[in-house]
Amino acid sequence: MIAFLTGKDLEKYGLSWMPTLMSDKQMVLPIDTVKYQAQEVVGVLASSRYAAADGVAAVEIDYEPLPVVVNPYKALEAGSTKVRDDKDSNHIWHWEVGDRAATDAVLKNSHTTVREHIYIPRIHVASMETCGIVAKWDAINKHLTLYMTTQAPHAIRTVVALITGHLGLSEENIRVISPDIGGGFGGKVPVYPGYVIATAASVVTGLPVKWIEDRSENLQADSFARDYHMDCELGADKDGRITALRIKTVADHGYTDAAANPSKYPAGMFSICTGSYDFQTAFTEADAAYTNKPPGGVAYRCSFRVTEASHAIERMVDIMAHERGEDPADFRMRNFIKPEQFPYKSALGWEYDSGNYHVALTKAMDLIGYRELRKEQLEKRQRGELMGIGISSFTEIVGAGPSKDFDILGIKMFDSAEIRVHPTGKAIARFGTKSQGQGHETTYAQIIAEELGIPADHIKVEEGDTDTAPYGLGTYASRSTPTAGAAAVMGARKIREKARKIAAHLLEAADDDLIWDTNKFYVKGSPDKSKTIQEIAFAAYTNHPQGMEAGLESTFYYDPPNLTFPFGSYICCVDIDRGTGQVSIRKFVAIDDCGTRINPMIIEGQVHGGLTMAFAPAMMEQIQYDSDGNMYGGTFMDYMVPTAVESPKWITGGTVTPSPHHPIGAKGVGESPNVGGPPAFANAIVDAMWHLGVRHIDIPITADKVWMLLNKHGVALAE
Ligand code: MCN
Ligand code: CUN
């Protein structure tokens with residue numbers, strides 16, 4: 001054992017609390033009260049894992065139970081137990097967008113209105129590897145190196161510099177390295193106490209210090225996602241045209257707002273909740289509450305609360321269609337934003353760049369054989385069998401910036417690429433994003449190869465080292481392709497323009513007389529007079545024009561003019577066993593549109609993974625607490641992550657509607673399947689049971705929930 005570190009020790013350095021990304025604050029180590037079960041209480045430093053475990057076992061803490069508040073509605077009531085002594089109440093913020101009065105009036109006068117309370121419970125990303133860090137303080141050079149699992153290394157470096165400046169640490173002496181981190185999925189965006197404790201411990205002891213979570217620590221104490229309680233109301237006229245949407249949300253943030261949203265958007269991009277439909281009128285508001293739970297409101301492949309928004313609208317549209325006795329596909333087709341309406345200004349303020357929703361849904365319907373399945377469903381229903389079909393036609397919103405509206409802790413959201421072409425025509429490219437398994441090494445190289453004609457396997461892609469990579473905001477919210485991917489294009493084009501000048505010099509021609517073709521410039525009218533990019537690269541270092549800077553490289557910071565709006569149509573077909581309530585996914589078809597596709601195989605991988613991560617919270621995953629704030633479970637015995645055995649087979653396809661403002665028309669895709677997926681399952685299951693009187697089931701839709709409903713409606717088979 002080397003040392004114990006307490007909140008009191010950290011207080012000396014002003015580090016017992018730290019800022020969160022939403023300008024709230026979070027305990028690093030507590031001094032006399034803890035806020036939730038499983039909160040870190042003391043740091044034990046030892047020279048081996050075994051000694052550290054003995055050290056932990058030797059720690060004795062006297063806990064005195066204090067009143068807690070676990071339910072966010074209760075937390076918001078006057079006189080409720082206060083979670084935070086430093087705050088006046090448990091109400092964190094109120095946020096609203098849209099026209100409240102107009103929405104109320106339109107809903108009041110609508111021919112049909114449907115209402116539903118929809119809850120999306122807490123879930124946890126459970127990536128392959130947990131979070132960890134090795135902090136190494138070099139006292140002689142006053143240099144700090146942090147090898148850590150972060151999705152945003154540069155932002156971390158700046159934050160460390162800002163909060164430790166008073167201790168003499170300076171940004172040029174901080175190096176953050178994020179190697180292969182075993183998956184991120186948003187869970188590795190926040191800063192966790194373990195990182196800070198390891199760093200402080202290294203500075204105090206002068207030794208390199210490693211912290212790595214075990215699985216239970218990861219499940220119980222890291223940031224959680226969702227926990228949105230949504231009251232939704234949707235109206236339609238007598239012809240089945242949507243009139244207005246209202247959603248009122250209570251957001252459970254645990255004891256601190258540690259969400260990783262852009263500053264201006266406390267509820268993220270939730271106002272995309274009008275989805276793929278043409279709304280004139282809408283209003284949404286949210287109130288966030290403190291409760292005695294770990295920090296919530298962050299990650300799980302979500303694009304900043306878009307999963308919640310998409311679940312709400314896709315469930316509501318389905319409920320409306322059923323209420324009207326109409327086929328949900330026909331109802332959607334009538335109400336979709338039409339292709340000629342793009343760029344489309346939504347009632348809640350977004351400008352959708354491009355879309356073609358009818359085609360995507362038609363393609364999905366053809367692929368699954370929708371009309372035949374409906375026929376089969378009717379026949380089965382007559383035999384008393386339960387079969388359901390669910391559609392989700394979602395719209396995503398990804399690619400933050402634009403920096404005029406988007407920042408994290410004041411740092412504007414753009415992204416970057418730095419490309420260097422070496423004399424022999426090979427290249428290295430570095431980015432401000434950080435792949436966690438999305439394959440940037442492959443796709444960024446492909447982008448540059450396409451623009452410069454250098455073979456992709458001659459291009460080395462690097463990310464995640466703040467000493468070498470250009471400044472960027474990292475990888476989350478499917479922003480890499482819309483931002484850094486665009487920077488790669490623009491940077492490569494800058495290089496091509498310089499290459500043109502060098503080629504003109506070599507070919508003794510005017511710049512304007514040169515034509516670019518795949519990997520070379522040739523002289524207009526004489527295609528045999530040409531210089532390849534490799535010849536040009538060599539000349540950039542050996543024979544460049546007098547007066548021109550040597551070398552062939554560029555740095556580009558790309559600030560997107562708008563977000564990108566990928567979309568898709570998913571259809572799920574289920575059978576339900578009346579004896580057990582077991583739902584089996586018979587078929588699942590996913591049509592995704594992410595604009596121009598850079599690498600279809602990588603996209604398919606993203607979609608397969610994302611659909612599995614949509615299936616998980618729809619059918620299995622959930623973090624629950626009892627009324628005293630004790631977490632049920634906290635291991636993989638209780639938190640059900642699907643394996644290959646449970647996961648359905650995915651049938652995927654796509655359409656291509658390029659983004660008009662991205663330099664190659666690409667939109668993000670990394671989170672689409674996860675954002676669009678859950679309501680497809682829920683809609684299918686409710687569809688199977690609607691005729692029994694079931695209107696809505698909150699996810700996860702487990703067999704016991706289904707069986708209870710079957711039993712309640714008198715159709716469960718009992719042996
Ligand atoms: N791509 C493409 N053509 C497009 C769009 C994307 O070929 N039109 C490729 C990209 O070049 C990239 C990949 O698809 O290689 C994903 O790109 P993009 O949609 O831009 O998303 P990001 O790279 O920004 O990845 C983030 C996204 C998020 S936010 C989560 S959460 C998530 C996800 O990616 N976490 C993942 N997918 C993951 N996949 C793995 N293996 N591990 C994670 O932690
Ligand atoms: Cu919201 S999970 Mo991804 O944005 O890292």
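This is a predicted model, so every value here is computed, not measured. Note that ligands are numbered from 1 as they come in the structure, with each ligand's atoms numbered from 1 the same way. All values below were derived from every heavy atom in this structure, side-chain atoms included, with hydrogens, water molecules and symmetry-related copies excluded.
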### Task
Check whether the ring centres of Phe270 and Tyr228 lie less than 6.0 Å apart, and answer yes or no.
yes
### Message
Do Val160 and Leu146 have side chains that approach each other closer than 4.5 Å (heavy atoms only, starting at C-beta)?
### Response
yes
### Query
With a distance cut-off below 6.0 Å to the six-membered ring centre and an angular limit of 45° from the axis, does Arg226 pair with Phe224 as a cation-pi contact?
no
### Nitrogen or oxygen of Ala666 less than 3.5 angstrom from that of ligand 1
no
### Gly668-ligand 1 polar pair, N/O distance under 3.5 Å
no
### Query
Do Val669 and Thr481 come close enough that some side-chain heavy atom pair is under 4.5 Å?
no
### Task
Take the angle between the ring planes of His154 and Tyr471 and call it parallel below 30°, perpendicular above 60°, tilted in between.
tilted
### Summary
Numbered in order shown, the ligand 1 atoms found under 4.0 Å of a heavy atom of Gln606 are 33 (C), 34 (O), 37 (N), 38 (C), 39 (N)
## Note on the structure
Counting heavy atoms under 4.0 Å, the part of Glu671 that contacts ligand 1 is side chain
### Task
Look at atom 43 (C) of ligand 1 and say which protein heavy atom is nearest, naming residue and atom and giving the distance to 0.1 Å.
Phe185 CE2, 3.2 Å
### Task
Specify whether His440 and Tyr444 have parallel, tilted or perpendicular ring planes, treating 30° as the upper limit for parallel and 60° as the lower limit for perpendicular.
tilted
### Message
Side chain, backbone, both or neither: which applies to Thr475 and ligand 1 if a contact is any heavy-atom pair less than 4.0 Å apart?
### Response
side chain
### Task
For Gly439, counting its heavy atoms only, list the atoms of ligand 1 lying under 4.0 Å from any of them.
15 (O)
### Task
Identify the protein heavy atom lying closest to atom 24 (O) of ligand 1, giving its residue, its atom name and the separation to 0.1 Å.
Ser480 OG, 2.6 Å
### Message
Side chains of Trp350 and Thr274 only: does a donor on one sit below 3.5 Å from an acceptor on the other?
### Response
no
### Task
Quick one: look at Ser303 and ligand 1, take heavy-atom pairs under 4.0 Å, and tell me if it's side chain, backbone, both or neither.
neither
### Task
Mind checking whether Thr481 contacts ligand 1 via backbone (N, CA, C, O), side chain (CB onward), both or neither, at a 4.0 Å heavy-atom cut-off?
both
### Task
From the options Val656, Ile664, Ile603, select the one whose nearest heavy atom is closest to atom 2 (C) of ligand 1.
Ile603
### Query
With a 6.0 Å cut-off on ring centres, are Tyr570 and Phe394 close enough?
yes
### Message
Considering atom 1 (Cu) of ligand 2, could you give the total of protein N/O/S atoms lying closer than 2.8 Å?
### Response
1
### Task
Please work out which of Lys188, Gln438, His662, Glu604 has its closest non-hydrogen atom nearest to atom 38 (C) of ligand 1.
Gln438
### Query
Are any of the side-chain heavy atoms of Met413 and Arg479 separated by less than 4.5 Å?
yes
### Message
Can you report which non-hydrogen protein atom sits closest to atom 4 (C) of ligand 1, along with the distance?
### Response
Lys667 O, 3.6 Å
#### Entry: For the student: nearest non-hydrogen atoms of Met619 and Phe681, plus distance
SD-CB, 4.3 Å
#### Entry: Protein heavy-atom partner closest to atom 7 (O) of ligand 1 - residue, atom, separation in Å
Asn599 N, 2.9 Å
